[in-house]
Asks: 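Here it is, the structure in full.
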Amino acid sequence: MTAADGETTRSVTDPIPPAPRPLTDLRADGHAAVDWAADYLGRVGELPVLARVKPGEIRAALPASAPDEPEPFADVLRDLDEIILPGITHWQHPRYFAYFATSSSEPAIVAELLAAALNSVSILWRTAPAATELEGVVLDWVAQLLGLPGGWHGHIEDSASTATMAALIAAREATGRDLVLCSEQAHSSVQKGARMTGMRLRKVAVDDRQRMLTDDLSDLDQAAVIVATVGTTASTAVDDIDTVGRLCGRTGTWMHVDAAYAGAAMVCPEFRWAFAGIERADSLVVNAHKWMLTPQDCSLLWSRRPDDLRAAFSLTPEYLRTPDAEDALSISEYGPALGRRFRALKLWAVLRCYGRSGLQQHIRHGVALAQKFEVWVSAEDGWEVAAPRDFSVVCFRHDGSDVHNERLMHAVNETGEIFISHARLNGRLVLRLAIGHPSTTEADIARAWDLLRAQARRL
Ligand SMILES: Cc1ncc(COP(=O)(O)O)c(C=O)c1O
């Protein structure tokens, strides 16, 4: 230590100074933070959805180094308002319609506070018995809610990207092969997973509805894994997992189903057609942090072959050996991470405070709004619905070039009133309106539609 670090010459016989106390009063500051969160959620609809800052602006507004002396938490809250908030793109905004709209709900927000207070770290069952077992329970509950077969092993990963990579690794271990197949419309996390694991990748062509062509699978018998998507990122297309699963049964190929977005919709029986054949999946990922009212991060990975996951990931060094190793499940043996945080708590809170009926209502609300928007677009001259709509995302286009549609998107986003994104389908740029926040109302999608038409006229 240098003198600048505040070190004084001290003998081991000197009394040890007290541990530092931050300038925080958990009750007072905690109440202020909860008030802040409640106020924010009450007024977020009045803020510009897309952050109006330039790259580097937030960084420039912050000190270059940490303070030498403690500062009160009230100063943190003040800077949250003054410096950080202008740099927030508001995913909690009712008119956030980009990518996949996600939401963090009140029970989960409160549960995150408690999870941080407990700071339960699951490296082994004995370091976090309740977190480990609650994770198993909530994954079983969600499996039942989504109509999955009984008896699957489920656990939580940070992201669908990690979950899919874990599936690739388990499939390679189980089959001894190294080829990954997925459709041209599969999420980039599959390609990234193949790249990170050094596996080969082939993209399979899609039909005119963006579904994987199942007659283009002549090399399935050489593949470790095929990733089929239920709800593709661009247009929410649904691959035929029943057919792919049957073919995999013949070739010994692992089928991983990526239902990161659309999986949540399976809580409603009317959408279960999209999961026909799910019992053939070797693994499945659904992001609770997309359409299931749970904040980042909370990605649910199930497998009907947990022994293969364990064979791929279990590695217990001496310091982690415990007498209860074999009869107490340590989730770290089923995936890449060792230390795992208590994510199950927020999902448990969501499941209990919404119940099956609340989750169904949430999904149906989003789908009904998307249906309405789709009807408006298809009834209007000069506009077209650009892909079949199965869930809560509408792909659409205004007459004109890709450049025109891109300009239109930037124009509406710049107003700060809405935030939409785009995709490329059949070689054309399409605009996407993705609905997912429970606070979104018919007035919000009407506002989006008015704005789009006004900007299209102006351009
Ligand atoms: C279908 C699909 N799979 C996977 C992912 C990756 O999800 P994550 O951000 O949890 O890695 C996405 C992201 O939007 C997605 O749309």
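Both counts, for ligands and for their atoms, begin at 1 and track the order of listing. Just the heavy atoms: all of them, side chains too, but no hydrogens, waters or symmetry mates, feed the values below.
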Asks: Quick test of your reading of the model: are Asp81 and Arg43 salt-bridged, counting only N-O distances below 4.0 Å?
Replies: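 Answer for the salt bridge query: yes.
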Asks: Would Asp158 and Thr162 count as having a side-chain donor-acceptor pair, cut-off 3.5 Å?
Replies: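 On atom types as modelled, these side chains qualify, holding a pair under 3.5 Å.
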Asks: Going through the distances and angles, do Arg200 and Asp178 end up as a salt bridge (Lys or Arg N to Asp or Glu O under 4.0 Å)?
Replies: CA-CA 6 Å; Arg200 293 177 296 132; Asp178 79 337; 3.1 Å; yes
Asks: Using a 4.0 Å cut-off on heavy atoms, what residues surround ligand 1? Order them by chain and number.
Replies: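 Protein residues near ligand 1 are Phe100, Ser159, Ala160, Ser161, His187, Ser189, Gly231, Thr233, Asp258, Ala260, Asn287, His289, Lys290.
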Asks: How long is the gap from CH2 on Trp348 to CH2 on Trp141, to the nearest 0.5 Å?
Replies: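 With rounding to 0.5 Å, CH2 (Trp348) is 7.0 Å from CH2 (Trp141).
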Asks: Under 6.0 Å between the ring centres of His362 and Tyr354?
Replies: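 No - the distance between ring centres of His362 and Tyr354 does not fall below the 6.0 Å cut-off.
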Asks: Under 3.5 Å, is there a donor on one side chain and an acceptor on the other for Tyr261 and Ser392?
Replies: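 Yes, side-chain donor-acceptor contact under 3.5 Å.
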